[in-house]
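Keep in mind the model is a prediction, meaning the values are calculated, not measured. When a residue number appears, it is its place in the shown sequence, counting from 1. Whatever order the structure lists them in is the order used to number ligands and atoms, beginning at 1. Below, all heavy atoms of this structure are taken into account, side chains as well, without hydrogens, waters or symmetry copies.
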Amino acid sequence: MFDVLFIGSGQGAWNGAIPMSQAGLKVAVVEEGLFGGVCSNRGCNAKITLDKPVELVRNIEQLQGRGFDSVPQINWPDLMAHKHEVIGRLAASNEQKLVKAGVQVIKGHATVTAADTVTVGTTEYKAEKIVLALGQLPHRLAIPGQAYLRDSTDFMALPQLPQRVTIIGAGYVGMEFAAIANAAGAEVNVVVQGHQPLREFYQPYVERLVVSLRECGVRFFYDQRVESVTKSTAGLLLQGANQFALESDYILDATGREPHVTGSGLENIGIATNKDGIVVDDHLQTNVAGVYATGDVVAKTQPKITPVAIFESQYLAQLFTGQTTAPINYPSIATTVFTSPRISQVGISPTEAAKSLAQYTSETFAYAEDWFRQVQNETDGSLTLVFDQENILVGAVEYSHEAVDTINGLLEIIELRLTHEQVQRFIYTFPSLQHSYFRKV
Ligand SMILES: Cc1cc2nc3c(=O)[nH]c(=O)nc-3n(C[C@H](O)[C@H](O)[C@H](O)COP(=O)(O)OP(=O)(O)OC[C@H]3O[C@@H](n4cnc5c(N)ncnc54)[C@H](O)[C@@H]3O)c2cc1C
Ligand SMILES: NC(=O)c1ccc[n+]([C@@H]2O[C@H](COP(=O)([O-])OP(=O)(O)OC[C@H]3O[C@@H](n4cnc5c(N)ncnc54)[C@H](O)[C@@H]3O)[C@@H](O)[C@H]2O)c1
């Protein structure tokens, strides 16, 4: 009998499983695929490896005639080999981390057969608590020719970069992969259902990102309803309503991800789900006592990203080891779209602030006027800060190559509600990114 058995070994699982085991609980993790789940093996880590040269190329482009005379070309097969080398070893190392911490690793497909029982193959495992950390699966467009569509995992394993890449969807995956494929030399088309890419992000900055990607050659097709894909003599033909037709060599279906709630026997014990995933209470417990859920599979309003999955997993470790009995209390969550430039944001958005002018004020700083950003000739970026009535920073969004570091730095100020006087106590290295923004807070 285990104290805790996780189904799934992604960020929503192992970050909790290890401290639980280290605290003396008898813990098992069942995984049918690669240890570490999506983020480690075919999500964040793989994506950021492919993005690294993109970021460098874009930075060098900004300095043409200012120290650089040419822009290096990305060698896709070499980059892909590098990605395989860096990412390929992670699954084994993730598995070893669990083993070293004393977690029992079980390989295979898990099916929940009772509220305290999970079956893998022909073996039954009993556990006092079961944690469903099942993640999400790519949404597949149900259109004729669906078999020609590829997903993010396929894209991140492409040995050669196709010449013409069409991406359906302008969410995180659509925009990030458009930026990568374009910088690596492909002709890129993005087919958008409505006319608002990256709906969760601050739209004035999204519009600037679209302008920047257009200047690099990415073509956006707004308000499209795709209907079919067929093989043509020269590639794949994507067709849609109102005579829309687009030929390319590769089509990426980036129309979202869906909670992985089928195929693991949830119905055997009546686990409640909705379109967003498994329904949980404020302690991440499902409607069945002793069965919990964590990570992307949870139906929640928080973004389905790695740091949130980690936070939930660690919360369960505190809960199950008696360090807390309190409900989960999510802090401020920073989100980023890893395009070049990036958009990163946290807290109250300027759009929300504009709707409550009595409550909030916001201020925008253009990097064209900031000497530190001019060093790298970054003229297009800017930062918008949102303050409450007490003049405490409550939100921030940046559009720039360094947006991640700026927003991560401001996150602490927002979460701890630091006053201007407290922030001025920090003596940062100069010159540095922190120094370029901390006086503004
Ligand atoms: C292309 C891409 C890029 C991303 N980039 C970022 C990023 O830059 N930053 C960020 O924060 N987030 C990013 N994400 C999101 C991030 O990957 C997820 O939020 C994170 O992986 C969620 O972790 P999880 O543990 O909930 O689920 P997962 O990582 O999906 O793990 C679930 C695991 O459960 C296993 N499983 C499911 N059912 C069973 C079963 N019945 N038996 C056994 N095993 C089972 C699966 O094999 C899988 O390994 C990205 C996602 C994608 C797709
Ligand atoms: N940087 C990051 O943190 C990061 C990066 C990648 C993925 N993720 C996570 O992975 C998940 C999936 O990302 P995603 O980009 O696949 O999903 P998403 O939900 O962000 O975007 C899907 C997009 O597809 C569009 N779409 C849906 N149906 C369409 C259709 N028929 N035609 C055209 N467009 C259509 C939607 O309007 C939306 O813009 C998200 O939960 C996200 O949190 C995070």
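Looking at ligand 1, you won't find any N or O of Arg42 less than 3.5 Å from one of its N or O atoms. Considering backbone and side-chain atoms alike, Val173 places every N or O at 3.5 Å or more from each N or O of ligand 1. In terms of N/O distances under 3.5 Å, ligand 1 is not approached by Thr294. Remark: ligand 1 and Ser152 share no N or O pair separated by less than 3.5 Å (distance only, no angle test). Between Ala13 and ligand 1, not a single N/O pair is under 3.5 Å apart. The N/O atoms of Ala309, backbone and side chain alike, include none that comes under 3.5 Å of an N/O atom in ligand 1. Taking any N or O of Glu176, backbone or side chain, none lies under 3.5 Å from an N or O belonging to ligand 1. Close N/O approach between Phe338 and ligand 1 is not found [any backbone or side-chain N/O within under 3.5 Å].
Classification of Glu398 and Arg342 as a salt-bridged pair fails, no side-chain N sitting under 4.0 Å from a carboxylate O. Ion pairing between Glu31 and Lys107 fails under the 4.0 Å rule for side-chain N and carboxylate O. Ion pairing of Lys83 with Glu85 is absent here, as no side-chain N (NZ or NE/NH1/NH2) approaches a carboxylate O to less than 4.0 Å.
Contacts between Ile7 and ligand 1 below 4.0 angstrom, taking non-hydrogen atoms only, involve the side chain exclusively. If you look at Thr255 next to ligand 2, the close heavy atoms, those under 4.0 Å, come from the backbone and the side chain alike. Using a 4.0 Å cut-off between heavy atoms, His139 makes no contact with ligand 2 at all.
With hydrogens left out, the protein atom closest to atom 5 (C) of ligand 2 is Glu176 OE1, 3.2 Å, a heavy atom. Looking only at heavy atoms of the protein, atom 2 (C) of ligand 1 is closest to Gly43 CA, 3.6 Å. In terms of protein heavy atoms, atom 11 (O) of ligand 1 is closest to Thr306 N, 2.9 Å. Looking only at protein heavy atoms, the nearest one to atom 9 (C) of ligand 2 is Lys304 O, 3.7 Å. Protein heavy atom in closest approach to atom 44 (N) of ligand 1: Glu32 N, 3.2 Å. Taking atom 50 (C) of ligand 1 as the reference point, the nearest protein heavy-atom neighbour is Cys44 N, 4.1 Å.
One finds the CD atom of Gln285 at 10.0 Å from the CG atom of Leu316 (value rounded to the nearest 0.5 Å).
The side chain to side chain contact (heavy atoms under 4.5 Å, CB included) test with Arg58 is passed by exactly one of Pro341, Cys216, Pro53: Cys216.
Defined by atom type and a distance below 3.5 Å, a donor-acceptor pair is present between the side-chain atoms of Arg208 and Ser382. For Thr339 and Glu176, the side-chain atoms include no donor-acceptor pair closer than 3.5 Å.
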Check the pair Phe438, Ser432 against side-chain contact (heavy atoms from CB on, under 4.5 Å), reporting the backbone distance first and the verdict last.
CA-CA 10 Å; Phe438 94 106; Ser432 69; over 6 Å; no

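When Ser344, Ala254, Gly174 are ranked by how near their heavy atoms come to atom 23 (C) of ligand 2, first place goes to Ala254. For atom 31 (N) of ligand 2, the candidate residues are Asp51, Val173, Thr335, Leu141; the nearest heavy-atom contact is made by Leu141.
Put simply, part of Arg257 is less than 4.0 Å from ligand 1, judged by heavy atoms. Look at Glu200 and you'll find every heavy atom at least 4.0 Å from all atoms of ligand 2. The shortest heavy-atom distance from Gln224 to ligand 2 is not under 4.0 Å. Proximity of Ser313 to ligand 1 is not established, as no heavy-atom distance is less than 4.0 Å.
In the vicinity of Val38, heavy-atom distances shorter than 4.0 Å reach the ligand 1 atoms 17 (O), 21 (O), 28 (P), 29 (O), 30 (O), 53 (C). In the vicinity of Asp296, heavy-atom distances shorter than 4.0 Å reach the ligand 1 atoms 18 (C), 19 (O), 20 (C), 22 (C), 26 (O). Atoms of ligand 2 lying under 4.0 Å from any heavy atom of Gln136, numbered from 1 in the order shown and given with element: 41 (O). Here is the list of ligand 1 atoms found below 4.0 Å of a heavy atom in His260: 37 (C), 38 (N). In the vicinity of Gly256, heavy-atom distances shorter than 4.0 Å reach the ligand 2 atoms 14 (P), 16 (O), 17 (O), 22 (C). Ligand-side atoms of ligand 1 in range of Gly295: 26 (O), range being under 4.0 angstrom from any heavy atom. Which parts of ligand 1 touch Gly12 is read off a 4.0 Å heavy-atom cut-off, strictly below it: atoms 24 (P), 25 (O). Heavy-atom proximity to Thr336, at under 4.0 Å, picks out these atoms of ligand 2: 1 (N), 2 (C), 3 (O). With ligand atoms numbered from 1 in the order given, ligand 1 contributes 11 (O) to contacts under 4.0 Å with heavy atoms of Pro307. Shown in contact with Arg199 at under 4.0 Å from a heavy atom are these atoms of ligand 2, numbered in order with element: 36 (C), 37 (O). Ligand-side atoms of ligand 1 in range of Gly8: 33 (C), 34 (O), 35 (C), range being under 4.0 angstrom from any heavy atom. Per-residue contacts place Ser264 under 4.0 angstrom from the following atoms of ligand 1 (heavy atoms of the residue considered): 38 (N), 40 (C), 41 (N). In summary, the atoms of ligand 2 found under 4.0 Å from a heavy atom of Gly169, numbered by their order in the structure, are 24 (O), 25 (C), 34 (N).
Between Val210 and Pro197, some side-chain heavy-atom pair lies under the 4.5 Å cut-off. Counting heavy atoms from C-beta on, the side chains of Ile271 and Val112 never come closer than 4.5 Å.
Below 30°, between 30° and 60°, or above 60°: for Tyr292 and Phe320 the angle between ring planes is above 60°, a perpendicular geometry. Between Phe311 and Tyr330, the ring planes are tilted. Angles from 30° to 60° get that label. Using bins of under 30°, 30° to 60° and over 60° for the plane-to-plane angle, the ring pair Phe155/Tyr250 lands in the perpendicular bin.
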